Structure formats: structure tokens, C-alpha cells
Amino acid sequence: MDKKRSNKLVNFVTNPKYIMVLATIGIFLAIYLFGAIIYGDKGFTKLRTFAMLFVDNAYIGISAVGMTMVLITGGIDLSVAAVASLTGMFIAYGTTVLGIDPIVCMVFSIVVGVALGLGMGALVTYLKIPPFVATLTGMFLARGVCSLISRDSISIDNELIDKMAGWKMYFMTLKDGEWVKIKPVAYVNLSVLMFIVMIIIGTYILQKTRFGRNVYAIGGNEQSARLMGLPVDRTKMMVYGFNGFCSALAGIAYALYVKSGWNLALQGGELDVISAAVIGGVLLSGGVGYMIGTFFGVLLKAVIPCLITFNGTLSSWWGKIITGALVLLFVALQQIVMHGNLFKKKKGNPAVKKE
Amino acid sequence: MKSKESIFKNKLTWAVIAELLILAVAGILEPSFFSIEYNQTTGMLYGSLVDIVNRSAEITIIAMGMTMVIALGGTDISVGALVAVAGAFALKFLRWDVTLYPTPGDYTVYPFILVIVVPLVICTLMGLFNGVLIGKFKLQPIIATLILMVAGRGIAQIATNGKQFTTGYTPYRFIGQGSMFALPFPIIITIVVCACVMIFVRKTAFGTFVESVGVNPNASRVTGLKSDRIIMIVYTLTGFLSGIAGLIYSSRISSCDSNNAGVNYEMDAILAVVLGGTSMTGGKFSLTGTIIGSLIIRTITTLVYYFGITSESIMAFKAAIILVVIVIQSEPFGKWLATRNARKQKAGELRG
């Protein structure tokens with residue numbers, strides 16, 4: 001009985017499907033533990049530090065949810081950061097310069113985000129343009145429109161936005177029968193909640209719905225999916241539309257985070273998002289990836305600059321180099337898992353037995 | 001003799017027509033657009049046309065390599081970061097010890113040849129790194145070059161300790177600001193580089209190999225081509241060319257700027273290639289087309305400046321242009337056009 005269970009565990013761990021996600025979680029825990037041992041006395045282990053990982057990176061995470069889905073279909077979206085920046089600009093310009101209600105601005109930017117996503121999806125799906133080029137166009141368009149609206153950074157001056165940005169959910173502890181804020185103060189804000197909710201929604205869509213299974217099928221082999229009669233075109237359109245929605249939402253989260261709109265905001269952010277998903281074990285060739293992996297990918301990418309800050313002496317540019325090295329590590333790992341014969345010869349693997 | 005139809009089917013023709021159209025618009029809006037003056041004191045030609053060619057040098061040089069990368073069915077998004085790397089290392093070797101030389105001036109610490117060679121070698125090695133990942137380890141080009149795109153700027157920053165050095169060293173400034181045969185020196189470099197690449201690609205079988213691998217890597221391997229080696233050569237070459245572009249760029253501004261040097265160059269280079277008629281799906285490529293593509297981008301940029309539109313908004317115009325080009329290039333559109341033409345012809349025959 002015990003042996004059976006351990007076998008199950010071994011199978012679970014060595015299953016190529018899960019190994020990438022497990023590696024991400026493992027490396028995140030290892031790095032976190034490393035930080036805890038070295039900088040534990042400086043407060044690295046405090047809940048505040050952990051919560052700030054979320055607060056500072058929520059917008060990347062929200063966008064990564066949509067990106068994960070696009071990557072699973074075998075596509076890529078380079079426009080996410082530009083669309084997020086455009087959203088921030090809409091909100092800043094709309095509320096502060098034109099005096100429009102912020103909710104209207106947000107709804108409008110989400111509509112624009114989805115429309116842009118669908119437009120790029122149509123280019124990819126119906127005109128068979130490589131996703132890289134199609135979304136590059138979207139990126140240029142969004143950035144250009146953003147610059148046409150304003151070249152300068154506009155800081156948001158709106159009561160409701162201030163309220164939303166300032167809203168915090170503090171971590172409480174029970175002390176002498178009374179709820180008090182833990183020290184040092186740790187909190188999550190609206191953006192973090194959006195991030196968590198989006199991860200849950202994304203997981204549900206991918207794992208529990210027919211649409212999610214279609215997404216995996218298209219990524220696995222689009223031709224087969226088509227021959228099986230799956231609605232390939234419609235699914236791809238919806239994926240890009242959903243990604244546009246996520247980008248706009250990320251833009252809202254970012255606008256709340258920095259409380260301003262700037263045409264050059266988040267430059268290069270699309271690569272942060274993509275590398276977070278890749279570090280999270282999403283395969284760029286499509287068909288493989290989990291939301292929970294992306295979740296830990298975002299955290300793993302977030303914890304590196306955090307460690308560098310705690311070190312104090314290292315140049316912040318090491319963060320970029322380490323991120324690059326991590327991407328390399330994960331891509332190499334993917335290559336070994338997918339194409340190497342590391343696990344192929346395992347006895348218990350039914351896929352090999354059939355052959 | 002080429003028939004009328006085949007000339008119009010040629011994508012190069014369309015690129016030339018587009019460039020001429022844009023120039024015509026520029027000429028109508030600003031009659032002084034075509035005037036070229038000779039400045040006696042500097043011994044250099046001045047004018048919008050010279051400026052367009054001069055300013056397009058970096059993108060043209062990078063796009064030479066990018067054309068073949070795209071012909072292989074790949075992309076290289078690390079070129080912008082390599083531009084920053086080249087500038088950072090060149091300036092690092094020009095001014096190693098800030099305590100010795102606190103102000104920028106006409107001196108160099110290391111021999112000039114080292115200042116030029118070391119950045120080029122580093123960029124070539126980075127290109128080789130991309131090539132090995134893509135050719136040997138079969139990584140996806142986007143993700144393999146993403147690594148250096150992210151890490152490259154970090155390396156550039158660390159090379160200069162995050163500072164922006166400036167230099168007044170005359171031989172180095174000559175690269176981007178000097179002139180030869182009355183032309184700005186970047187133009188001379190571009191001509192030499194383009195000629196070398198074209199001779200290498202078209203006078204040897206290399207270009208055909210690249211096209212073959214781009215169409216079908218497996219079939220090429222079966223016929224005896226070492227496709228992974230060809231991929232490695234192309235990416236290494238692109239790295240080297242990015243290095244040259246980086247030197248020109250940093251010499252132009254007499255300093256290194258690891259944050260802003262070469263930002264969006266990868267996008268511009270890809271755009272130049274696509275405008276030049278090379279398909280993103282790989283296979284056939286046209287280096288001449290790429291040069292024209294690069295000129296088109298620069299002409300539009302100059303033209304947009306004339307309108308007084310901000311430099312960042314150019315992106316929106318670029319987007320509109322790419323959109324048109326990729327839709328025309330796309331397979332379904334081609335099919336639609338073909339069936340339409342066939343129907344027309346049929347109708348014509350019936351009428352006749």
C-alpha cells in the first residue's frame with residue numbers, strides 16, 4: 001500500500017506535465033529559503049515582505065494570466081504592455097483632463113483592450129499572420145495612440161481612483177481578544193485581489209471548461225484539433241480577446257499602483273510577462289502550461305529584485321541578468337523534458353507502453 | 001524579357017514605388033526636401049536625403065542580418081540590447097579610469113583598435129550564443145533571443161557601472177560623425193557592410209542554403225546541408241552587425257546609454273525586412289528590399305517630423321503601414337486576390 005502510494009508520488013513528480021511547474025515552485029521555495037537564511041534578521045521572512053511581492057507585481061501577474069492562455073495555444077502577444085500603458089493613459093487623461101467618471105474610463109479601456117485583442121486575434125486566425133508580427137503591430141498601434149493622446153506623464157487626480165488605490169486589506173492578528181494589525185504592517189490591495197481572482201478564473205477556465213480543453217488541444221496540434229472538429233478559429237479569437245481584457249485589467253492595476261498615465265510606461269513590460277510565464281513552465285511551442293505555474297513564475301521573478309534590494313550592495317542590473325539566466329535554465333529544462341530521453345524510458349509510463 | 005505582370009508581382013517593385021510615393025509627398029509638402037548642399041568647411045554634403053540615408057545606417061546594417069534570420073523562419077529580438085552592449089564596452093575601453101580622466105576629452109586609455117575590436121568580439125560571441133541555443137539546442141528563436149534581450153542591457157549597465165560615459169576622442173567620434181568622399185561616414189560603413197554581406201550571400205551558395213533551411217530545415221538536413229551550422233552562422237553574423245550598429249550609434253552621440261541605446265531597434269529591423277518583401281514565414285529573402293525597407297522607415301520618420309508630430313507617435317504610423325503590408329503579404333489575401341483575378345480573366349475571356 002505504502003509502496004503504491006510512493007510510486008504514485010514518483011509518477012506525479014516525474015510526469016513531464018507537472019515537472020516544469022514543480023521545478024518553478026521548488027526553485028521559488030529554494031530562493032525564498034536562501035533569502036530567509038541570509039537576510040532573515042533584516043526582515044526577509046516577515047509577512048510584509050511577502051505581501052509586497054504581490055503588491056509590486058500584481059499588474060504583471062494579471063497580464064500573465066492572459067499571456068499564459070495565448071502561449072498555450074502556441075501564440076505570443078507582444079502588445080500587452082502597450083495596451084496596459086494605453087489603459088493607464090485613458091484613465092489618467094479621461095479622469096484628470098476631461099473629467100470623466102473613472103468607472104466609465106475603466107469600462108472604455110477594457111472595451112478597447114478586448115477590441116484590440118480581438119483585432120490581433122483576427123489577424124492571427126483568419127489572415128494566418130504570425131502572432132509575433134500581428135501583435136507587434138498591435139503594440140506599435142497602442143503605443144502610438146498613447147503618444148498621440150499625450151507625451152507627458154499625467155498624474156491622476158480623482159477621488160474615486162485615490163480611494164481605490166488607497167484601499168488596503170491589512171493582515172490582522174488576534175491579540176488579547178482584539179484584532180490588531182500585525183507589525184510591521186502587511187497588506188494587500190485591490191490589484192493583488194484582482195491578480196488572485198484572475199489566477200483562479202484562469203485555472204478554472206483552463207482546467208474545468210470545454211473551452212480550456214480546446215485551448216490545450218489547439219496548442220498541442222492545431223491541425224489535429226481542426227480535424228477533430230473543435231472550434232479552432234473561435235477559440236483562438238476568444239483567447240486573444242481574453243488576453244486583451246487581461247492587459248486592460250493589468251493597465252488598471254498599474255494605473256492604481258503608480259496613479260499616473262505615461263506613454264512610455266511599462267516599456268519592455270511584455271517581456272517581463274512572457275518571461276514570467278516561461279519561468280512558470282509554460283511551453284512556448286504550445287500545449288503545455290498551468291496557471292499555478294505562471295503564478296509562481298511571477299513570484300519567482302519578483303523575489304529576485306527583492307533579494308538584490310536586501311543585499312544592498314549589488315547593482316540592480318543583476319536582476320536582469322539573473323532573470324535572463326532563469327529563462328535560459330527553464331527553457332533548457334523544457335527542452336530536456338520534452339525532447340530528451342530523461343523520462344521516456346520509464347517503465348510505468350503508459351505513453352511509452354503503447355508504442 | 002520580364003513581362004509587365006511579373007514586375008508588378010515582384011515585392012521589390014512595390015517597396016520602391018512606396019518609397020518614391022513617400023518622397024513625392026515629402027517633396028510636395030516641403031520643396032526644399034530634395035536640396036543638397038555642400039559645406040566647404042566640413043567637406044560634407046547636407047540635406048534631408050543625405051540625412052535619411054545617414055540616419056538609417058544602424059537599422060540597415062542590423063536588418064541585413066535580420067533578413068537572413070527571418071528567412072530562416074526565426075526572429076532576433078536581442079539586437080537592440082546588443083547595440084547597447086557594443087556602446088557600453090567601447091566607452092568602457094575609451095575611459096577605463098575615471099579618476100585619471102575626470103572630464104571627457106580627446107584621449108583614450110586603450111589603443112583605438114581595442115576599443116573597436118573588443119565590443120565587436122563581445123557582440124559576435126553573444127550572436128554565437130543565440131545561434132548555439134537556436135541551432136544546436138533547437139530553442140524557439142523568440143525565447144532564445146529574449147534571454148539576451150533581457151540580460152544584455154544588464155550586462156551593458158554593469159560594464160559601465162550604470163553610468164553614462166561621454167567621450168571626446170576624435171577617431172572614435174569619426175565613426176558616427178566624420179565624413180569621407182563628402183558623405184557622412186556611417187553611409188560609407190553601410191555601403192561597405194551591405195556590399196560584403198551581399199557578396200558573401202549571393203556570390204556563394206550561402207544564400208541558397210539559408211532559403212533552403214528556411215523553407216524546410218528537415219529536408220535540408222536530409223539533402224546534406226548542415227542546417228544547425230547555417231543557423232549558427234546567421235545569428236552570429238547578426239550579432240556582429242548589431243555590434244557595428246552599436247559603435248555607430250554610440251559614436252554619433254559620443255556617449256553610451258545602456259538604457260536607451262537601441263530601444264525598439266529589433267522592431268524597426270523586423271519592419272524593414274518585412275517592408276522589403278521578405279516573408280515572415282521564412283524562405284526567400286531580398287537584401288536589396290531590406291535596404292529600401294529601412295529607407296522607407298527613415299523617410300516616414302523624417303516626414304512625420306515635418307508635420308510636427310512627436311517622435312513617439314510615429315509608432316502609430318508604423319503600425320498602420322505594417323498592417324497594410326502584412327495583410328497584402330498574408331496567404332489568405334493572396335489566394336483571394338488570385339481567385340478574383342482568375343474570375344476577372346475568365347469573365348474577360350467569355351466577353352472576348
Side-chain angles (χ1 to χ4, degrees), chain A residues 71 76 78-79 82 119 123 126-134 136-151 263-264 267-268 270-272 274-275 278 283-286 314-332 334-336 338-339, chain B residues 70 73 75 77-78 80-81 129 133 137-144 146-159 161-162 258-260 263-264 266-267 270-271 274 279-282 309-323 325-327 329-333:
Chain A
L71 291 177
I76 196 162
L78 297 175
S79 72
L123 287 180
Y126 297 113
L127 289 180
K128 309 266 178 292
I129 289 163
F132 180 83
V133 187
L136 187 70
T137 317
M139 169 188 154
F140 273 156
L141 190 70
R143 281 253 181 248
V145 171
C146 203
S147 305
L148 281 175
I149 296 173
S150 167
R151 281 184 79 189
N263 61 347
L264 297 178
Q267 208 152 35
E270 59 276 355
L271 298 164
D272 283 334
I274 295 170
S275 52
V278 170
L283 210 64
L284 272 146
S285 46
L314 273 178
S315 156
S316 67
W317 290 99
W318 281 103
K320 290 214 162 192
I321 296 180
I322 294 171
T323 308
L326 268 180
V327 173
L328 178 61
L329 175 75
F330 272 86
V331 174
Q334 287 178 354
Q335 217 62 17
I336 293 167
M338 291 300 147
H339 305 295
Chain B
I70 287 175
T75 27
I77 53 173
S78 71
F129 175 79
L133 288 184
F137 297 109
K138 312 273 180 261
L139 294 194
Q140 285 218 330
I142 293 180
I143 200 70
L146 169 73
I147 294 166
L148 267 185
M149 185 191 193
V150 176
R153 283 190 194 278
I155 292 169
Q157 287 281 358
I158 283 167
N161 284 327
S258 306
N259 274 331
N260 299 320
V263 167
N264 283 338
E266 54 279 352
M267 310 298 175
I270 293 168
L271 178 55
V274 174
S279 165
M280 281 297 289
T281 44
I309 295 169
T310 60
S311 54
E312 293 96 352
S313 328
I314 292 172
M315 291 210 149
F317 292 87
K318 282 182 187 166
I321 294 160
I322 321 178
L323 200 62
V325 173
I326 56 178
V327 167
Q329 275 193 6
S330 73
E331 204 185 317
F333 183 82

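As the structure is a computational prediction, the values presented were derived from the model and not from experiment. Lettering follows sequence order; numbering is per chain, from 1.
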> By a 4.5 Å heavy-atom criterion (distance strictly below it), what part of B:Ile155 contacts chain A: side chain, backbone, both, or neither?
Replying inline: both
Less than 4.5 Å to any heavy atom of chain B: does that hold for the side chain of [X], its backbone, both, or neither?
| X | result |
| --- | --- |
| A:Ile129 | side chain |
| A:Leu136 | side chain |
| A:Ile322 | neither |
| A:Ile76 | side chain |
| A:Tyr126 | backbone |

> If you take all heavy atoms of A:Ile321 and B:Gly154, which pair is closest and at what distance?
Replying inline: CD1-C, 3.8 Å
> At their closest point, which heavy atom of B:Ala151 faces which heavy atom of A:Gly324, and how far apart are they?
Replying inline: CB-CA, 4.3 Å
> Does the side chain of B:Ile142 come within less than 4.5 Å of A:Ile274's, by heavy atoms?
Replying inline: no
> Is there a side-chain contact between A:Leu328 and B:Leu133, using heavy atoms and a 4.5 Å cut-off?
Replying inline: yes
>> Nearest 0.5 Å, please: how far is CD1 in B:Ile147 from CG in A:Leu326?
In response: 10.5 Å
> Got a second to check how far B:Ile77's CD1 is from A:Phe132's CZ, nearest 0.5 Å?
Replying inline: 6.0 Å
>> Let's test your reading of the structure: which of A:Leu141, A:Val327, A:Leu271, A:Asp272 forms the most heavy-atom pairs below 4.5 Å with chain B?
In response: A:Leu271
